[in-house]
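Structure first, commentary second.
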2 protein chains.
Amino acid sequence: MSRILIIEDEKNLARFVELELKHEGYDTQVELNGRTGLQAALDDNFDVILLDLMLPELNGMEVARRLREKKNTPIIMMTARDSVIDRVSGFDHGADDYIVKPFAIEELLARIRALLRRIQIENDQQKSNKKSVTFKDLTIEKESRIVRRGDEVINLTKREYELLLTLMENVDVVLARDVLLTKVWGYDSEVETNVVDVYIRYLRNKIDRPGENSYIQTVRGTGYVMRS
Amino acid sequence: MSRILIIEDEKNLARFVELELKHEGYDTQVELNGRTGLQAALDDNFDVILLDLMLPELNGMEVARRLREKKNTPIIMMTARDSVIDRVSGFDHGADDYIVKPFAIEELLARIRALLRRIQIENDQQKSNKKSVTFKDLTIEKESRIVRRGDEVINLTKREYELLLTLMENVDVVLARDVLLTKVWGYDSEVETNVVDVYIRYLRNKIDRPGENSYIQTVRGTGYVMRS
DNA sequence: TCCTTTTTGTAATATATTTTCAAACAAGTA
DNA sequence: TACTTGTTTGAAAATATATTACAAAAAGGA
């Protein structure tokens, strides 16, 4: 179920919203000031953040701005009535929607649902929409399936290509052999997991430069990763 | 099986709910007024409390409030239809969910299940949901499995990493050697408990600074802990 | 179709790293 | 001091990964 972070200093309101959201089946967490709210938002992956504009320690706009430097978690800004200027700057700082206090809980729920739906659609499109993937001076153009290191075109077989693509679409995520196996060879493949090692080697031979560290790092006991 | 306390003065309703819950395999107890209800809740450890808002001697809100001073037993508040004001203050006093009377028994069962699940998840998983874990200037990024002390990256083996993660996800909890063994080495591992000591030493060598106190403290006769 | 080339997967070996054990040592406690 | 508990160490055992050669399968071309 979706996880929602509530950053709001009025305890009664925070508690009320939290309970209503839990009642709807969301997983919630409350933070009572901007600083801890931002920290929680960064440490954790929430689906939506409800962010009050007026907060102690760090105001809502500032929280949104700093969060946006790192992440794109959707934000619904809660503003005092008619504070148009705030609205504008709120959007400007990265809010995805806003709701004016005092609000009917049903309106908030509707906005959350709408936002989750919107994000879902964007995510679906985005992933398949990206035309190219990059890691350092390595690029993959998906449509043409051309792989380059700098200017030099690298010829990869189907398996090699898919393995590299998977790694490059998950930069900084350590992928276990069996994960790679299901992603590249298919969930029902019955090959030995040693093929992953072998293909990693093929890739290294083709993309790395002699003497330099490999672009693909081994994490012993766990898997492989391309670290930025 | 989970134990549920029903605090409800309408005998018929209380009886009905009790029978249904027993039928579902829960262990139940009924109290017919706020005073004895609170007493029972304090004396005993229930998994969930069903609490009516309108009660003789001590109303539901008051029961919730006083219980919360001592305990965090999850509460489902049963409120009359559309009593929004009651909701707000009820939640404010510590309810975890509410159900509006009259309700379908199936909805109540679903809410109880959801609540039990949520509590479970909050206990176990919240920590493992987090993307990163921090202790003083030590951080672990889980996806990339990068461990840092300040800016310096620390290389850990699989076992070392998992041991540190376990300790850091349980800051201020003293973990016995055999607990660490089951958590890190697996429930069926058959290694000597001395390996824990050995790995604690490896970790200390890698994360501590010479001269400073160790981040990992020994609790003689009990286990190890990272104290904040 | 038949032959050639390329790709894929397996298995064996070599190499590197980690894990474990057990014994000696140190420290804390009664 | 005697006893218990924790620490440190080095070496052996266990595992994981890298590398290679090769056979089977698939793809391509005449």
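By convention in this document, chain letters (A, B, ...) are assigned in the order of the sequence lines, proteins followed by strands, and residues within each chain are numbered from 1. Note that these values count all heavy atoms, side chains included, but never hydrogens, waters or copies made by symmetry.
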When the side chains of residues 189-198 of chain B are checked against the rest of the protein, which donor-acceptor pairs come out under 3.5 Å, sequence neighbours left out?
from   : atom 1 : to     : atom 2 : distance (Å)
B/D197 : OD1    : B/R177 : NH1    : 3.0
B/D197 : OD2    : B/R177 : NH1    : 2.9

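Two end axes, each from the C1' atoms of five base pairs, can be drawn for the helix from C/dT1-D/dA30 to C/dA30-D/dT1; they diverge by 30°, to 10 degrees.
When the side-chain nitrogen and oxygen atoms of B/W185 are compared with OP1 and OP2 of C/dT20, one or more of them lie within a distance under 4.0 Å.
In the region residues 156-168 of chain B, proximity to DNA chain C at under 4.0 angstrom, judged on heavy atoms, holds for B/T157, B/R159. Of the residues in residues 192-214 of chain B, B/E192, B/N194, B/V195, B/V198, B/Y199, B/Y202 come within less than 4.0 Å of DNA chain C through at least one heavy atom, sorted by number.
When only modelled atom types and interatomic distance are considered, B/T139 and B/R148 share no side-chain donor-acceptor pair under 3.5 Å. Between the side chains of A/N155 and A/K206, not a single donor N or O lies within less than 3.5 Å of an accepting N or O. A/S214 and A/R209 share no side-chain donor-acceptor pair at under 3.5 Å.
For the side chain to side chain contact (heavy atoms under 4.5 Å, CB included) test, residues two or more places apart in sequence or in another chain that qualify with B/E31 are B/L5, B/Q29, B/T36, B/A40. Take A/K136 and apply the side chain to side chain contact (heavy atoms under 4.5 Å, CB included) test, not counting sequence neighbours, and it matches A/Y215. Legend: residues meeting side chain to side chain contact (heavy atoms under 4.5 Å, CB included) with B/V219, ordered by chain and number and at least two apart, are B/V174, B/T222, B/V225, B/R227. The salt bridge (Lys or Arg N to Asp or Glu O under 4.0 Å) test applied to A/R35 returns A/E57, not counting sequence neighbours. A search for side chain to side chain donor-acceptor pair (under 3.5 Å) contacts involving A/K158 returns nothing, not counting sequence neighbours. Applying the salt bridge (Lys or Arg N to Asp or Glu O under 4.0 Å) test to B/D208 and every residue at least two apart in sequence or in another chain returns nothing. For B/R201, the side chain to side chain contact (heavy atoms under 4.5 Å, CB included) partners are B/N205, not counting sequence neighbours.
Chain A approaches DNA chain D over the interval D/dA16 to D/dT20, counting the first and last nucleotide 5' to 3' with an atom under 4.0 Å from its heavy atoms.
Atom CD of A/E212 has more than 12 heavy atoms from other residues, nucleotides or ligands within 6.0 Å.
Residue B/L180 contributes atom CG, which lies 14 Å from atom P of C/dT20 at whole-angstrom precision.
Taking a cutoff of 4.0 Å between a charged side-chain nitrogen and a carboxylate oxygen, B/K142 and A/D44 do not qualify as a salt bridge.
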